[in-house]
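Values in this document were obtained by computation on a predicted structure and should not be read as measured data.
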Amino acid sequence: MILACSSLCKSFQGELLLDNITFKIENHDKLAIIGVNGAGKSTLLRILCDEESYDSGEIHKPNDVSIGYLSQHNTIDYDMTIYEALLDVFKPLLEKQKRMRELEVQMAIQSDLESIMREYDRLSNEFENANGYSYESQLKGVLKGLGFSEDEWNYKIGILSGGQKTRVALGRLLLLQPDLLLLDEPTNHLDVNSIEWLENYLKNYKGAMIVVSHDRYFIDQVSNSIMEIENGKSTLYKCSYDQYALIKKHNRDVDLKHYYDNQKEIKRMQESIDRLKSYNREKQIKRAESKEKALERMEKVDKPDSLPQNIRIQFNSEVESGYDVLTIKNLSIAFDVPLFENISFEIKKQERVALIGPNGIGKTTLFHMILQDYMPTNGKIKIGSKVMIGYYDQEHESLSYYKTIFQEISDAYPDMTNTEIRNACASFQFKGDDVFKTIDMLSGGERGRVVLLKLLLSKCNFLILDEPTNHLDIESKEVLEDALLSFNGTILFISHDRYFINKLATKVIEMTSHHAYTYTGNYTTYMERKENNTSKKEINTSYLEKKEQASIQRKHKNKIKKIENDISKLENQINDANNLLISDEVVNDYQKYNEISLEIETLNKQLEELLEMWEELSSQ
């Protein structure tokens, strides 16, 4: 056992946040904690690593268990470089290495080696057991895996963005390799390549792990169980996220049926009691009193905590677009230096297209070009007939922070009545005085809902969405997915949420700096085809390499054969010249004798060179 949590309770500002949380973690367990924003997930992690107190309950963990915690807010020495911050993890190891070097110097100059050798052997064993000889490759592997290029390794922590600092903190934690990893939203600020690297790392991680995440695809990849925190209580599911969703829906439906059946029976009994009392006769009144006692004794089913209270959205376009919605051909843009070039793809009516690619490749810039905020350096963008664009930007720049929610909607749609605006806001869970909150008071998720509400009211037929699931909890993501699946128009969206892509996309466009590759299907199909293409390339490469190698070998053999033929010819020439040299005709002619002797000498030199070449080639 690594950790056990029993009947844990925590209140916050008089409200019970965590109520009777009970679970245990054994070696190699990988637990994902899910729940809506504000459910207490991050608070629970802080309690487990002793950063926050709790009101009651017990936490058991062996004294020798090491715990590493990645929070959403990390502090690292700002004067360190990225490389130094990760290298600092190996400080005890580096001190051992330094002492070993000192002992090696002492060995060379001192005669009494026994005590030096004992210390050196001990340190050497400790260094080797701690994988000391591979620490540098581990460090570089983590840096590259988390998306840091070698040019960035010497950047000071102080100049990094919040996301980059989080990646550094994650890198330090992975290199520390504690017995139990506590990770709070570790995929935030990572691109898809880095997330996939992290998934592979965590799948092979030898220790245990508890991770808080809204990334359902990531949860499925790294966890072997799921704990949901809902209304302060915890429920454990030993299954994948897809299976959890099915079980949760089934349980919710069963609980709702029990609740409604119970309410129906209570109503029937109360109506019977009221009817008997209305007769105002002693016999009927006694029967009514008897039934009242039975009703009091009757078990009452509580209203399920899990009744869905999330936003319910339905997008409907007012005008139907033409079949060709968007055509992009040989598109390029440069800001001092080229950002991307030669981007071409097409989007047809009612397609749901995911645009993916590494951070910084220019995906959001491409969206702004479609919206005519930027002009292309080269290429063309053609918007189809009757296409009405609705844009969701991840920075929510379309909102005016000084306005209230009500004003934001009213100013965008002045023909709407106050009642219509309030009803629309209520459908997005902005009720009562909430509509008079200014935008700057809202959370990221709440601002996102305001932008989505404005999109709904626009009646557009082509949605362009830039990271629409950012800041949304899992249930809100699922509501958005259902709404977008029922949308009768066309969708182009950027997302790092692979589960969202998998559920929504009918086409995936992978964008690089020099090209765009189109794959029909969802994310799983895209990955399968990429892997197949990679395998084909490897097969083709292997075939070409073998073919080239065979060609080289043939040329090599032919070269040896030619040299052997040349050697044979030279040997015959030398033999003929030697026979001529001892003939009566040449022996008696001094001038001819000298000429043939020189010729033999030249032929012998040529033979010697060929023999050296033959020997060298034969040994290869």
From [atom1] ([X]) to [atom2] ([Y]), nearest 0.5 Å:
| X | Y | atom1 | atom2 | result |
| --- | --- | --- | --- | --- |
| Leu339 | Lys363 | CG | NZ | 10.5 Å |
| Asn27 | Leu3 | CG | CG | 12.5 Å |
| Tyr374 | Ile381 | OH | CD1 | 12.5 Å |

### Task
Decide yes or no on side-chain hydrogen bond (donor to acceptor under 3.5 Å, both in side chains) for Glu104 and Tyr120, but give the supporting numbers first.
CA-CA 8 Å; Glu104 286 167 2; Tyr120 187 85; 2.6 Å; yes
Check [X] against [Y] and note the closest heavy-atom contact, atom names and distance.
| X | Y | answer |
| --- | --- | --- |
| Ala32 | Ile219 | CB-CG2, 3.7 Å |
| Ile361 | Ser513 | CD1-N, 3.4 Å |
| Lys507 | Glu346 | NZ-O, 3.0 Å |
| Pro358 | Met511 | CD-O, 3.9 Å |
| Leu183 | Met209 | CD1-SD, 4.0 Å |

Determine whether more than 12 heavy atoms belonging to other residues, nucleotides or ligands lie under 6.0 Å from atom [atom1] of [X].
| X | atom1 | answer |
| --- | --- | --- |
| Lys24 | NZ | no |
| Tyr133 | OH | yes |
| Lys203 | NZ | yes |

### Query
Taking C-beta and beyond as the side chain, do Leu48 and Ile67 meet within less than 4.5 Å on heavy atoms?
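Result no, sub-4.5 Å side-chain heavy-atom pair not found.
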### Query
Are Phe127 and Leu93 side-chain neighbours, meaning at least one heavy-atom pair lies under 4.5 Å?
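Yes. Closest side-chain heavy atoms under 4.5 Å.
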Taking [X] first and then [Y], would you say they form a salt bridge - that is, a charged N and a carboxylate O separated by under 4.0 Å?
| X | Y | answer |
| --- | --- | --- |
| Asp50 | Lys61 | yes |
| Lys477 | Glu481 | no |
| Asp215 | Arg498 | yes |
| Arg99 | Glu102 | yes |

### Query
With under 30° as parallel and over 60° as perpendicular, where do the rings of Tyr499 and Tyr241 fit, or are they tilted in between?
perpendicular
### Task
For the pair His396 and Tyr392, name the ring-plane relationship: parallel under 30°, tilted 30 to 60°, perpendicular over 60°.
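Correct class here is perpendicular.
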N/O donor-acceptor pair under 3.5 Å between [X] side chain and [Y] backbone:
| X | Y | result |
| --- | --- | --- |
| Lys156 | Asp79 | yes |
| Arg167 | Leu190 | no |
| Asn154 | Thr81 | no |

### Message
Using the rule given for side-chain hydrogen bond (donor to acceptor under 3.5 Å, both in side chains), can you reason through Asp121 versus Ser124, listing the C-alpha separation, both sets of side-chain angles and the distance that settles it, and then say yes or no?
### Response
CA-CA 5 Å; Asp121 288 343; Ser124 182; 6.0 Å; no
### Query
Given Ser42, which of Asp184, Ile33, Ile47 fulfils the side chain to side chain contact (heavy atoms under 4.5 Å, CB included) condition?
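It is Asp184; the other options fail the test.
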### Task
Identify which one of Leu455, Leu480, Val451, Asp393 satisfies the side chain to side chain contact (heavy atoms under 4.5 Å, CB included) criterion when paired with Leu465.
Leu455
#### Entry: Pair Phe345 + Tyr517: ring centers closer than 6.0 Å
no
